[in-house]
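Here the structure is laid out as structure tokens; the discussion comes afterwards.
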Amino acid sequence: PRERDYAYAGSFYAFAFWIGLGVYGLYDIISKRAPKVISAGLITVICLVAVPGIMASEGWDDHDRSDTYTARDFAKDYLDSCQPNAILFTNGDNDTFPLWYVQEVEEYRTDVRVVNLSLLNTDWYIDQMRRKAYDSEPVPFGLKPHQYRQGTRDYVPVVDMNKKGVHIDVKEMMDFIADGKNQREMGGGKRMNYFPTNKFSLKVPKSKVIANGTVPKGMEDQVVEEIKWTVKKNYILKNDMMILDLLANNKWERPVYFAITTGDDAYIGLKKYFQLEGLAYHLVPYECETTDGQTGRVHTEIMYDNLVNKFSWGGIKENPIYLNENNRRMCMNLRNNFARLADAFIAEGNNTKAVEVLDKCMEELPVAHVPINFFMLPVTEAYYKAGAPEKGNELVRILAKMYDENLEYYFSLDSERRQSKSMEKNIQQAISVLYRLNILVNRTYKQDDLGPEIQATFDKWQESLSSNGIGQPR
């Protein structure tokens with residue numbers, strides 16, 4: 001569960017009753033040995049000192065946020081992933097509020113317009129986006145306020161009338177739904193505007209996108225005449241409609257980015273044109289499909305500059321700070337980005353740069369300060385691919401030891417707890433990691449010294465899985 005100390009729950013009220021009974025009990029004991037006035041004063045002093053004192057001694061380490069600058073620094077990293085005057089789409093609290101803070105309070109990268117997709121479903125927020133903010137010009141929406149006010153086009157059904165299956169210019173489609181005459185009768189007899197297709201296109205003025213820096217050097221010959229995408233939904237919500245409206249009216253003037261934490265649903269089918277440059281995907285006018293199943297093709301030069309030279313890390317390596325759930329999840333994203341950049345360098349034949357990037361990852365997000373899990377596997381394998389097996393072996397040993405100890409604990413539990421769904425998931429994950437480590441050091445990148453040790457650990461737990469009737473690793 002997420003930490004929500006400020007949200008009152010029924011348990012807080014019940015606890016308050018016990019506090020009151022405890023205070024009265026102490027008063028009753030002391031009042032038998034001292035005057036009531038003195039007893040009341042003494043109990044007040046004891047409670048005011050002892051209660052917060054005990055809370056501080058027990059919980060200080062978990063709640064101490066001194067020297068913790070991860071929220072601020074990661075916010076700057078999001079903004080530094082963008083070109084000047086960019087539009088950056090975010091989604092949740094954690095990838096939005098810190099960005100607002102560094103722009104408002106520290107006046108950092110105020111040229112970037114942060115657009116929260118959750119709030120983009122509301123008319124008042126769209127109104128804000130249409131105004132200049134800091135050094136950022138208004139977001140170039142084309143729809144007028146009366147066309148997106150609350151209750152109007154909150155969602156737009158997709159009625160596919162595109163029998164030929166061709167991609168239609170997004171500007172033409174936005175003009176279509178903006179026209180109040182283009183309506184159809186939907187359920188309940190209500191007439192609504194609609195999209196007559198879910199296939200969109202956007203023309204690319206090649207000379208313009210090369211001149212304004214949308215296309216980096218070396219990619220000029222890959223620019224397409226138009227980008228084409230499909231929104232795989234039966235209806236388009238207001239926030240997605242406004243993304244389409246922006247694309248229709250931006251005309252490739254301002255760089256458009258999506259934070260890597262927004263999620264697939266927010267990408268409305270545009271992933272084919274996403275270039276990974278840091279903590280954001282840059283929408284570019286050429287295809288960027290990958291072979292590893294992950295979103296966005298890595299641009300090594302830009303991403304290297306961001307990760308190695310520009311990004312800051314919140315004091316993680318300098319101090320053993322407390323990392324809450326959000327910080328840990330963010331560190332997983334960053335480790336994955338380092339691994340992806342290293343893999344991209346390896347694919348280019350630049351193993352030296354790949355090892356440098358992986359070393360930077362281990363320096364800024366050290367194992368001693370940032371908990372490790374299966375997200376370290378890509379980093380580990382990248383070391384082997386790049387020709388640095390000794391560094392890969394070090395991580396294999398750490399991961400194998402951790403998951404071996406985890407399995408020792410899981411199998412020390414009684415059978416009822418061990419067979420719960422959550423525990424079975426943990427067991428499967430642990431044995432799957434050991435399986436992959438075993439493959440790494442005994443088959444893919446055979447390590448004569450380490451291989452037998454990892455094989456023995458894996459065999460031990462594979463036998464335990466079989467004897468306890470738990471499925472084999474996949």
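A donor and an acceptor atom, one from each side chain of Asp245 and Asn249, are located under 3.5 Å apart. Between the side chains of Asp80 and Tyr108, at least one donor N or O sits under 3.5 Å from an acceptor N or O. A donor and an acceptor atom, one from each side chain of Tyr384 and Gln447, are nowhere located under 3.5 Å apart. Of the N and O atoms on the side chains of Glu356 and Tyr304, at least one donor lies less than 3.5 Å from an acceptor on the other residue. Side-chain contact check for Thr110 and Asp135: at least one donor-acceptor pair (N or O, by modelled atom type) lies under 3.5 Å. Side chain to side chain, Gln294 and Asn336 meet the donor-acceptor criterion of an N or O pair below 3.5 Å. Between Glu277 and Asn306, the side chains place no donor N or O within less than 3.5 Å of an acceptor N or O (distance only, hydrogens not considered). Side-chain atoms of Arg417 and Ser412 include no donor-acceptor pair closer than 3.5 Å. The closest side-chain donor-acceptor pair between Asn116 and Thr96 falls under 3.5 angstrom. Arg329 and Asn326 are linked by a side-chain donor-acceptor pair at a separation below 3.5 angstrom, with hydrogens and angles left out of the test. Thr261 and Tyr78 share a donor-acceptor pair across their side chains, judged by distance under 3.5 Å alone.
No more than 12 heavy atoms of other residues, nucleotides or ligands lie within 6.0 Å of CG in Asp265, so this atom counts as exposed by the packing criterion. By the neighbour-count criterion of 12 heavy atoms within 6.0 Å, atom CG of Asp414 is densely surrounded, having more than that number from other residues, nucleotides or ligands. The 12-atom threshold is exceeded at NZ of Lys132, counting heavy atoms of other residues, nucleotides or ligands nearer than 6.0 Å. With a 6.0 Å radius and a threshold of 12 heavy atoms from other residues, nucleotides or ligands, Trp60 has its CH2 atom at or below the threshold. Tyr27 OH: more than 12 foreign heavy atoms inside a 6.0 Å radius. Atom CZ of Phe15 sits in a sparse spot, with 12 or fewer heavy atoms from other residues, nucleotides or ligands closer than 6.0 Å. Taking a 6.0 Å sphere around CZ of Phe374, one finds it holds more than 12 heavy atoms contributed by other residues, nucleotides or ligands.
For the pair Glu408 and Lys460, the salt-bridge criterion is met [side-chain N within less than 4.0 Å of a carboxylate O]. A salt bridge links Arg109 with Asp111: the closest approach of a Lys/Arg side-chain nitrogen to an acidic carboxylate oxygen falls below 4.0 angstrom. Salt bridge Asp123/Arg149: absent, no basic N to carboxylate O contact under 4.0 Å.
Within the structure, every pair that satisfies the salt bridge (charged side-chain N to carboxylate O under 4.0 Å, His left out) test and touches residues 362-379, not counting sequence neighbours, is listed here: Lys317-Glu363, Lys317-Glu364, Lys360-Glu364.
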| request: Run the numbers on Tyr257 and Cys82 for side chain to side chain contact (heavy atoms under 4.5 Å, CB included), then give the verdict. | output: CA-CA 7 Å; Tyr257 290 81; Cys82 302; 3.9 Å; yes

| Going through the checks in order, is the side chain to side chain contact (heavy atoms under 4.5 Å, CB included) test met by Tyr148 and Asp127? | CA-CA 10 Å; Tyr148 60 75; Asp127 288 341; 2.4 Å; yes

| message | Under the criterion side chain to side chain contact (heavy atoms under 4.5 Å, CB included), I'd like the reasoning laid out for Val215 against Val284: C-alpha separation, chi angles, the key distance, then a yes or no. | response | CA-CA 7 Å; Val215 178; Val284 292; over 6 Å; no

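Checked against the 6.0 Å centroid threshold, Phe97 and Trp100 count as a close aromatic pair. Aromatic ring centroids of Trp461 and Tyr403 lie 6.0 Å or more apart. Centroid-to-centroid, the aromatic rings of Phe258 and Tyr281 stay 6.0 Å apart or farther.
In this structure, the side-chain contact (heavy atoms from CB on, under 4.5 Å) partners of Met423, at least two apart in sequence or on a different chain, are Tyr410, Leu413, Ser420, Asn426, Ile427.
Nearest heavy atoms, Asn121 versus Gln150: O-NE2, 3.3 Å. Here the shortest heavy-atom pairing between Glu348 and Thr300 reads OE2-OG1, 3.0 Å. Nearest heavy atoms, Phe141 versus Met242: CE2-O, 3.3 Å.
Remark: side-chain polar atoms of Asp305 are not paired, donor with acceptor, to backbone N or O of Glu301 under 3.5 angstrom. Judged by distance alone, the side chain of Arg254 and the main-chain N or O of Glu137 form a donor-acceptor pair under 3.5 Å.
Geometrically, Lys391 does not engage Tyr383 in a cation-pi contact defined by less than 6.0 Å to the ring centre and at most 45° from the axis.
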